[in-house]
Amino acid sequence: EVLKISPFDSNFLLKFGAVYLKNNRVLEDQPLQCGDLLRVHTRPRRFHRKVDWSSFILTEFADYILIRKPAGLPCHSTVDNLKENVLFQLTQFLQRPLFLTHRLDIPTSGILVFAKSVEAQSQFNKDLEDSKVEKIYTAYINGIGPKPGLYEHHMLNSPRAPKVVQTDPAENT
């Protein structure tokens with residue numbers, strides 16, 4: 001009543017993953033106690049994207065599945081949206097648990113590697129850390145772009161986003 005949300009909308013927000021009780025996401029009605037912290041994202045971000053996942057799967061190995069991530073979808077759930085993301089939808093499509101090994105930004109398309117087990121996820125992340133796996137980024141530009149060459153930027157160490165880009169790595173102390 002305080003939030004002026006109809007029973008229909010409150011049920012939608014619960015199922016959508018936009019409600020937290022005592023800092024934990026809840027997906028169904030829960031009894032409340034006096035003093036409980038209830039957080040409700042009344043206007044969750046939406047990522048309306050219907051995907052035929054069979055056409056986005058590139059290849060499958062014993063421990064990994066490689067897919068083409070479509071632009072416009074987050075890789076994993078956001079704080080206010082549990083369902084409209086690659087991990088949730090691909091898990092539903094394949095009807096098996098998957099584990100994200102790395103991410104791409106929401107507007108970015110590209111290849112994502114999903115592990116089929118926690119062990120494979122850990123191994124992939126170790127291989128990334130040990131530089132056994134290389135990430136390559138390609139940008140496609142309409143019109144006139146920058147001159148060919150290597151461009152570097154350095155982000156100021158910060159626990160928060162957005163990061164501050166520095167031109168001199170010595171400033172990143």
Side-chain angles (χ1 to χ4, degrees), residues 5-30 38-142 153 155 158-163 165:
I5 298 173
S6 72
F8 175 81
D9 288 340
S10 62
N11 190 47
F12 168 79
L13 293 171
L14 273 169
K15 301 285 185 223
F16 203 65
V19 178
Y20 291 76
L21 176 60
K22 299 184 229 175
N23 293 321
N24 294 310
R25 190 186 310 250
V26 292
L27 301 173
E28 56 191 33
D29 283 334
Q30 300 281 325
L38 181 69
R39 186 176 75 208
V40 180
H41 296 269
T42 57
R43 294 185 305 175
R45 289 173 292 169
R46 298 301 309 269
F47 304 97
H48 299 284
R49 182 80 198 253
K50 299 285 185 200
V51 178
D52 173 13
W53 288 106
S54 61
S55 65
F56 282 81
I57 297 172
L58 297 173
T59 191
E60 188 169 342
F61 300 101
D63 292 326
Y64 302 101
I65 295 175
L66 278 66
I67 69 143
R68 207 168 32 92
K69 177 199 172 290
L73 271 180
C75 292
H76 54 73
S77 63
T78 60
V79 69
D80 55 354
N81 185 330
L82 178 68
K83 297 184 176 184
E84 295 172 340
N85 64 77
V86 177
L87 179 59
F88 181 88
Q89 292 181 14
L90 192 60
T91 298
Q92 294 290 314
F93 175 75
L94 295 173
Q95 296 184 346
R96 62 165 304 141
L98 295 172
F99 304 88
L100 195 60
T101 61
H102 62 104
R103 298 173 297 192
L104 292 171
D105 290 339
I106 293 169
T108 305
S109 63
I111 296 174
L112 280 179
V113 178
F114 286 91
K116 294 180 179 180
S117 67
V118 172
E119 296 79 18
Q121 179 190 42
S122 294
Q123 184 60 53
F124 188 90
N125 290 334
K126 182 175 180 341
D127 290 346
L128 272 175
E129 189 177 312
D130 296 342
S131 299
K132 293 180 180 176
V133 175
E134 181 182 6
K135 293 182 187 180
I136 299 172
Y137 297 90
T138 303
Y140 296 98
I141 300 170
N142 289 328
H153 67 82
M155 293 186 182
S158 168
R160 302 194 63 103
K163 302 288 186 184
V165 176

Closest non-hydrogen atoms of His41 and Leu13, given as atom of the first, atom of the second and distance, are O-CD2, 3.4 Å
- Task: Given side chain to side chain contact (heavy atoms under 4.5 Å, CB included), test Lys116 with Asp63 step by step and report yes or no.
- Result: CA-CA 5 Å; Lys116 294 180 179 180; Asp63 292 326; 5.6 Å; no
Problem - Side chain Asn81, main chain Arg45, donor-acceptor under 3.5 Å - result: yes
Output for pair (Phe88 CZ, Leu82 CG), nearest 0.5 Å, gives 5.5 Å
Closest non-hydrogen contact found for Ala71 with Ser109 is N-CB, 3.8 Å
Between Gln92 and Lys83, is a side chain to side chain contact (heavy atoms under 4.5 Å, CB included) present by the stated rule, with each step listed? CA-CA 10 Å; Gln92 294 290 314; Lys83 297 184 176 184; over 6 Å; no
Check: What is the ring orientation for Phe124 with His102, classed by angle as parallel under 30°, tilted 30 to 60°, or perpendicular over 60°?
Finding: parallel
Item to complete: Please examine the side chains of Trp53 and Pro70, heavy atoms only from C-beta on, and report whether any two atoms are closer than 4.5 Å.
Response: yes
Q.
Whether the side chain of Lys69 engages the backbone of Arg103 through a donor-acceptor N/O pair (distance < 3.5 Å, no angle test) should be reported.
A. no
| message | Is it true that, when you exclude Arg39 itself, more than 12 heavy atoms of the residues, nucleotides or ligands shown sit nearer than 6.0 Å to its CZ? | response | yes
* To do: Spell out, as yes or no, whether a donor-acceptor pair under 3.5 Å connects the side chain of Glu84 to the backbone of Phe47.
  => yes
Here the gap from Ser55 atom OG to Ile67 atom CD1, rounded to the nearest 0.5 Å, amounts to 10.5 Å
Exercise for the section: Determine whether more than 12 heavy atoms belonging to other residues, nucleotides or ligands lie under 6.0 Å from atom CZ of Arg46. Expected result: yes
Given the options Val40, Asp80, Val79, Tyr20 meets side-chain contact (heavy atoms from CB on, under 4.5 Å) only with Val79
Could you tell me if the side chain of Leu87 sits less than 4.5 Å from the side chain of Ser77, heavy atoms only? no
Distance col, row Leu90:CG vs Phe56:CZ, nearest 0.5 angstrom, shows 11.0 Å
Rounded to the nearest 0.5 Å, the CD atom of Gln30 sits from the CG atom of Asn24 at a distance of 9.5 Å
When every non-hydrogen atom of Ile5 is compared with those of Thr42, the smallest separation belongs to CD1-CG2, 3.6 Å
- prompt: Between the main-chain N or O of Val113 and the side-chain N or O of Thr101, is there a donor-acceptor pair closer than 3.5 Å?
  reply: yes
Between Cys75 and the options Ile106, Leu112, Asn85, the side-chain contact (heavy atoms from CB on, under 4.5 Å) test singles out Leu112
* Given side chain to side chain contact (heavy atoms under 4.5 Å, CB included), test Phe93 with Val51 step by step and report yes or no. => CA-CA 10 Å; Phe93 175 75; Val51 178; over 6 Å; no
Please check if any side-chain donor atom of Gln123 sits under 3.5 Å from a side-chain acceptor atom of Asp127, or the reverse. yes
Are Leu104 and Tyr137 side-chain neighbours, meaning at least one heavy-atom pair lies under 4.5 Å? yes
What one should report as the nearest heavy-atom pair of Ile65 and Glu60 is CG1-CG, 3.6 Å
Using the side chain to side chain contact (heavy atoms under 4.5 Å, CB included) rule, take Thr59 and Tyr64 through it: C-alpha gap first, then chi angles, then the decisive distance, then the call. CA-CA 9 Å; Thr59 191; Tyr64 302 101; over 6 Å; no
Output for pair (Lys135 NZ, Leu128 CG), nearest 0.5 Å, gives 5.5 Å
